[in-house]
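Below is one structure, written out as C-alpha cells, with a few remarks after it.
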4 protein chains.
Amino acid sequence: MRTDQSVIYAFHHSGQVLEIGESAKVRRTRKTPEERRRELLAAAASVFARRGYRSADVQEIADRAGVGKGTVYRYFDTKEALFRASIANQLDELETCARQARDRHTDPLERLRAAIRAVFAYFDGHPETVELFIQERAEFLHRGVPLYFLRSAMRHEEWASEFRALIAAGRMRDMPVDALMDGLGDLVYGAALSSTASPHRPCLVDRFDQLFEIYLHGALVQS
Amino acid sequence: MRTDQSVIYAFHHSGQVLEIGESAKVRRTRKTPEERRRELLAAAASVFARRGYRSADVQEIADRAGVGKGTVYRYFDTKEALFRASIANQLDELETCARQARDRHTDPLERLRAAIRAVFAYFDGHPETVELFIQERAEFLHRGVPLYFLRSAMRHEEWASEFRALIAAGRMRDMPVDALMDGLGDLVYGAALSSTASPHRPCLVDRFDQLFEIYLHGALVQS
Amino acid sequence: MRTDQSVIYAFHHSGQVLEIGESAKVRRTRKTPEERRRELLAAAASVFARRGYRSADVQEIADRAGVGKGTVYRYFDTKEALFRASIANQLDELETCARQARDRHTDPLERLRAAIRAVFAYFDGHPETVELFIQERAEFLHRGVPLYFLRSAMRHEEWASEFRALIAAGRMRDMPVDALMDGLGDLVYGAALSSTASPHRPCLVDRFDQLFEIYLHGALVQS
Amino acid sequence: MRTDQSVIYAFHHSGQVLEIGESAKVRRTRKTPEERRRELLAAAASVFARRGYRSADVQEIADRAGVGKGTVYRYFDTKEALFRASIANQLDELETCARQARDRHTDPLERLRAAIRAVFAYFDGHPETVELFIQERAEFLHRGVPLYFLRSAMRHEEWASEFRALIAAGRMRDMPVDALMDGLGDLVYGAALSSTASPHRPCLVDRFDQLFEIYLHGALVQS
DNA sequence: TATGAATGAGCATTCATTCAT
DNA sequence: TATGAATGAATGCTCATTCAT
C-alpha cells in the first residue's frame, strides 16, 4: 500500500517546483530516453550497492529514479539486465578514467602508475562501484564470466603492449606478460574488495604508493 | 509432498538396502550430534557455494545431508547461522592447513612461502570455500565485518612477528609491517577470488611461484 | 501451482465468460481500492469465522476474494492487521445498526430495548461476527484489550447517559450505572457467545423478550 | 537444540536434590501413572491458558511437567486430546466446587446463590480456567459442542429441579425453566469471559452481589 | 508511452507427531 | 516405559514481473 511516498520523492527526483495548491503529484515528465536510462542506471547502482543484488527492490530503484515500476521494465527486460547494465556503465566510466590518466603520460611506467592510481582513486570516490563488482562476482558466476573479468580480458591486448614495451626497454623483468599483468590485476582486485570490508582501513589512494612500490620492487631487500 | 526424491537419496543416507517394492521411504537414523553437524556443514558449504547464499534452499541442504528440514533447524537456529558456521568451519580448516605447512619450516621466508602455498593449494582443492568467502563478503557486509576479515585481524599478531623477524634479519625491506602484510593479503585475496571467475585461468598453485616471486622481488628489473 | 481452483472462481470475480477450451485463467481485474478492500474484508470475515484465526489460510481468503495472495498484502500489512480490520469493520456495522434502532424511539427504555434487540438480530444474521469476536478474545488478549471491549469502553458515555436518564426518571433502580450497564453487557456477550455454541438453541431474537424481561424485572416474583 | 534447559527445569519439576558432582540431569523418576497424568494436566492447563491452544508448544508442556515430549504422547494421543482432558479436569473441579457450596444450604435460593458465588470465586482464583473455556470455544466449535456446553447440558436436570422448586414455592416467576436457567447461564458465561478481557475490571466475586441482585429483582424499580 | 495494481512462485521457519534407542 | 532426535507438512510473507488503464 505504498501510495503516500510519492510526496516524499517528488522532490528527490527532479527538483520540479510544484505550483501552490497543486496536488503533490509529480508532473508527468517528458525526458529523453537517454536521460531516463542514465537516471535509472544511477539509481540502480546506488540501490544495488547498498542492499546487494538480491535484496535490492526494483520498487526502490524506481522510486529513486522517480519513475513507475513499469517504466523500469520498459528500459530493462529484467532486474538482472538492469544490474548488468549498471555494471557495464560503471566499467565504462572506470576505464575512461584510467585511460585519461594514462594518456597524460608518455613514459610507459608512469602510464601504468597513473592508470592504477586513477583506478584506486575512482574506487575511493565510488565505493558503490566496488560493491557492484562483488555482487556480480557473488551472484552471476554460474551464469557466465562476470563483466568485470570479461572487460579485463577485452582490455588485455591494450595493456599487454604497455608491458611488452617495458620489458623490451629492459626495465621490467622478462617474465610472461600474463604473469605480470595478472599479478597486478589480482593485487588491485584484492585491494579494492577488501578496502570496504574493514571499516578502519585507510582509503586506497593512501595505500597506493606502498602497494605499487611492492609490486615494482618487491618486499625483499634487493640482493 | 516431496516423496519422489527419496529414491535418489535412499543410498546416500545410510546405505540401507531397500527391498524391491518396499516403500522408498528412508528409515529414520540417529547419529551423534558431532557427525550430524559435520554432515550438515559439508552439505551447507556445497549448496551455498553452488547456489549462493540467497538462492540456496534449506531444503536442498537437508536433502544433501540426508535429513529432514527440521533437523537442520535443530542444529542451527537460522539459515544465516548455518551459513556463518559453514564459513567458520572452512576458516578453521584453512588456518590449520596453513599453520601446518608453515611449521614444517624454520626459515622465516620459507615459513611464509609454505603457508601461502598451502592456502593456494587449499583453495584449488576447495573451490567452494572461495565461493563462501565471496558470498559472505557480498551478503553480510552490512551486518558487521565478515568472518574472513575478522579472522584475518585475529591472525595479525601471529604473522606480524614473522614479518618483523624478516625485517630484523635485513632480508625484508624496512617498510611498515602492515603495508607488507596487507599487500600480500590483497594479492592472495584477489588471486583467490579471481581464480574461479575465469574458467580458463590455471589453478592457483601453478601461478603461485610467479605471484610470490613478484611479491618478493617485484616486477621491475633490479636496478 | 493452484490452478485447478480458478475454474471455480472464474465466475466469482468479474462475470467474465470464458470460451470453451480457453485456459481457465482468470483475467486480471482492476477495481477501486474501496471495492477491493470491502471484498477482502468480507472474505476475511468469512474465512476467519469458519476456520478460526490461526487456521485461516491467507491463500483461502485471497481465493475467496478472487485476488492473488499478494493483493491481500497490498491492502493489509499482515494477517493480523487484516483480522483486526475485519473486526473493526464488523463493529462499525454493529454499532450503526444498534444506533439506528435506538434512534427510532424517544422513550429511554424503548431506546435501550430496541438497541439490544437490534444487536441480537445482527448476531443472528451475522453469526460470523460472533465468531470473530471470540477469535479476537482468544488470540489477542496478550496483545492488548480486544477491539470488542475497547469499543465497548468508547461507547460507555453515550449509553451511560441513557441509563442515568432512566434512573433520574425513577424508572430504573438507583444502582451504580456501571453495575447496570455491565450486567446487561455481560448478559448480551454471554448470550451471543453461547448462541452459536449449542446447535439446538433458538436464535437470539427469539430469546430476546425473555432475556430482556429478566434483566428488567428479575427472575423472582415481585414481593 | 534445546539441551541446556533441563538444568533449569530440574528444580522446577520435582524438587529433587541432586547429589554433589552428579550431572545436572533429572534422575529417572518413577511415578504412578495417575500422578504423572495429574502433573501433565496441570502443566497443560497452565501453558494452554498462557499461550492459547494453537501457540502452546507441546515441548513447553513437557518441560513444565518434567517429562520428555514422548511421554506426553504416551498419556494423551494428541495435543487436542490433552487439551480436552485439561478442560474436563477443570470442569470436574469447578462442578465439585459449585456442588459443595450449594449443598451447604437447604433453602433453594441460597443453594443457587451459593453455587454461582462459588463459581465466580473459582474463576477469580483460576483465571486460566476461563482462558481454557475461551480457547475451547474458539478452536473447537467446528468439531462438536465444546465440553463447557456439553457439561452444562448434562447438569441441566440437576439444576432444573432446583428452579422448579423455586417456582413451585411461588418465589420464582412462572417462566419456562430453560429461560430462567439460560438467562443465568449467559450472565455467568458473559461475566466470566469479559472479566479477564479488561484489565481494570474488579474481580468477579466483588461484582457478584450486584449481578445476582439484578438477576433476581431486575434493573427496574418495582412497580 | 507510463503507470502501479495485481499476481503467484518461492522460501524460511515452526511444531505436532513418530520412532529408534 | 521413557526419551528426545528426527521428520515434513503447513503457512506467512516477499518481490520480480505482467498488464489493464
Side-chain angles (χ1 to χ4, degrees), chain A residues 1-3 6 26 28-30 33 36 54-60 62-63 67-75 77-80 82, chain B residues 1-3 25-33 36 54-60 62 66-75 77-80 82, chain C residues 1-3 25-33 36 54-60 62 66-80 82, chain D residues 1-3 6 26 28-31 33 36 54-60 62-63 67-75 77-80 82:
Chain A
M1 277 293 268
R2 20 171 322 290
T3 50
S6 47
V26 177
R28 184 63 61 89
T29 54
R30 188 144 306 275
R36 266 283 147 73
R54 300 302 272 231
S55 303
D57 191 333
V58 175
Q59 180 67 61
E60 189 180 349
D63 288 346
V67 300
K69 213 182 193 180
T71 303
V72 177
Y73 281 89
R74 183 163 285 290
Y75 282 79
D77 282 348
T78 62
K79 186 186 183 185
E80 183 173 334
L82 172 56
Chain B
M1 277 293 272
R2 9 175 329 285
T3 50
K25 185 131 183 199
V26 174
R27 234 22 186 323
R28 196 183 280 210
T29 53
R30 251 183 200 214
K31 297 195 176 174
T32 67
R36 266 283 144 75
R54 299 301 268 238
S55 302
D57 188 337
V58 175
Q59 181 66 62
E60 189 179 350
V67 301
K69 207 196 271 195
T71 302
V72 178
Y73 283 93
R74 170 166 278 285
Y75 283 80
D77 283 346
T78 60
K79 185 186 183 184
E80 182 174 335
L82 173 57
Chain C
M1 277 291 271
R2 11 172 329 282
T3 50
K25 184 134 185 196
V26 175
R27 240 11 192 327
R28 196 182 281 209
T29 55
R30 247 181 202 216
K31 296 195 177 174
T32 68
R36 265 283 143 75
R54 299 301 267 239
S55 303
D57 187 337
V58 175
Q59 181 65 62
E60 189 180 350
V67 300
K69 205 196 273 195
T71 302
V72 178
Y73 282 93
R74 171 166 278 285
Y75 283 80
F76 301 94
D77 283 345
T78 62
K79 187 187 183 186
E80 182 173 334
L82 173 56
Chain D
M1 279 293 267
R2 20 172 322 290
T3 50
S6 46
V26 177
R28 183 65 59 91
T29 53
R30 188 145 306 275
K31 295 191 178 178
R36 266 282 149 72
R54 301 301 272 231
S55 304
D57 191 333
V58 175
Q59 181 67 62
E60 190 180 348
D63 288 347
V67 300
K69 214 183 194 179
T71 304
V72 177
Y73 281 89
R74 183 163 285 291
Y75 283 80
D77 283 347
T78 62
K79 185 188 185 186
E80 183 174 332
L82 173 56

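Within every chain, numbering begins at 1; the chains are lettered A, B, ... in the order of the sequence lines, protein sequences first and strands thereafter.
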Between dG8(F) atom P and Gln59(B) atom CD, what is the distance in whole Å? 9 Å

Integer-rounded Å distance: dA2(F) C1' and Tyr75(D) OH: 9 Å

DNA chain E base-pair string [pairs: Watson-Crick or G-U under 3.5 Å; |: paired with another strand]: .||||||||||||||||||||

Atom-to-atom span, NZ of Lys31(B) to P of dT21(E) - whole angstrom: 12 Å

Heavy atoms only, 4.0 Å cut-off, all strands: where does Lys69(A) land among base, sugar-phosphate and nothing? base

Does a side-chain N or O from Arg36(C) land closer than 4.0 Å to OP1 or OP2 of dA6(E), or not? yes

Which heavy atom of Tyr73(D) sits nearest to which heavy atom of Thr78(D), and what is that distance? CE2-CA, 4.0 Å

Taking atom C1' of dC11(E) as reference, at what distance in whole Å does atom CZ of Arg54(A) sit? 12 Å

Judged by nearest nucleotide, the residue sitting upstream toward the 5' end of DNA chain E, Lys79(D) or Glu80(B), is Glu80(B)

Quick check for you: to the nearest 0.5 Å, what is the distance between Arg74(C) atom CZ and Arg36(C) atom CZ? 10.5 Å

For atom CG of Asp57(C) and atom C1' of dG8(E), their distance in whole Å: 13 Å

Looking across every strand, which nucleic acid part, if any, lies under 4.0 Å from Arg74(A) by heavy atom: base, sugar-phosphate, or nothing? base

The residue, Thr71(B) or Val72(C), whose nearest nucleotide of DNA chain E is more 5′ is Val72(C)

Mind checking what makes side-chain contact (heavy atoms from CB on, under 4.5 Å) contact with Arg54(D), not counting sequence neighbours? Arg54(C), Ser55(C), Glu139(C), Glu139(D), Arg143(D)

Within this structure, what is the CG-to-C1' distance between Asp77(C) and dT14(F), rounded to whole angstrom? 13 Å

May I ask you to evaluate whether Tyr73(C) reaches the phosphate of dA6(E), defined as a side-chain N or O under 4.0 Å from OP1 or OP2? no

Distance in angstrom units between Leu82(D) CG and dT17(E) C1', rounded: 13 Å

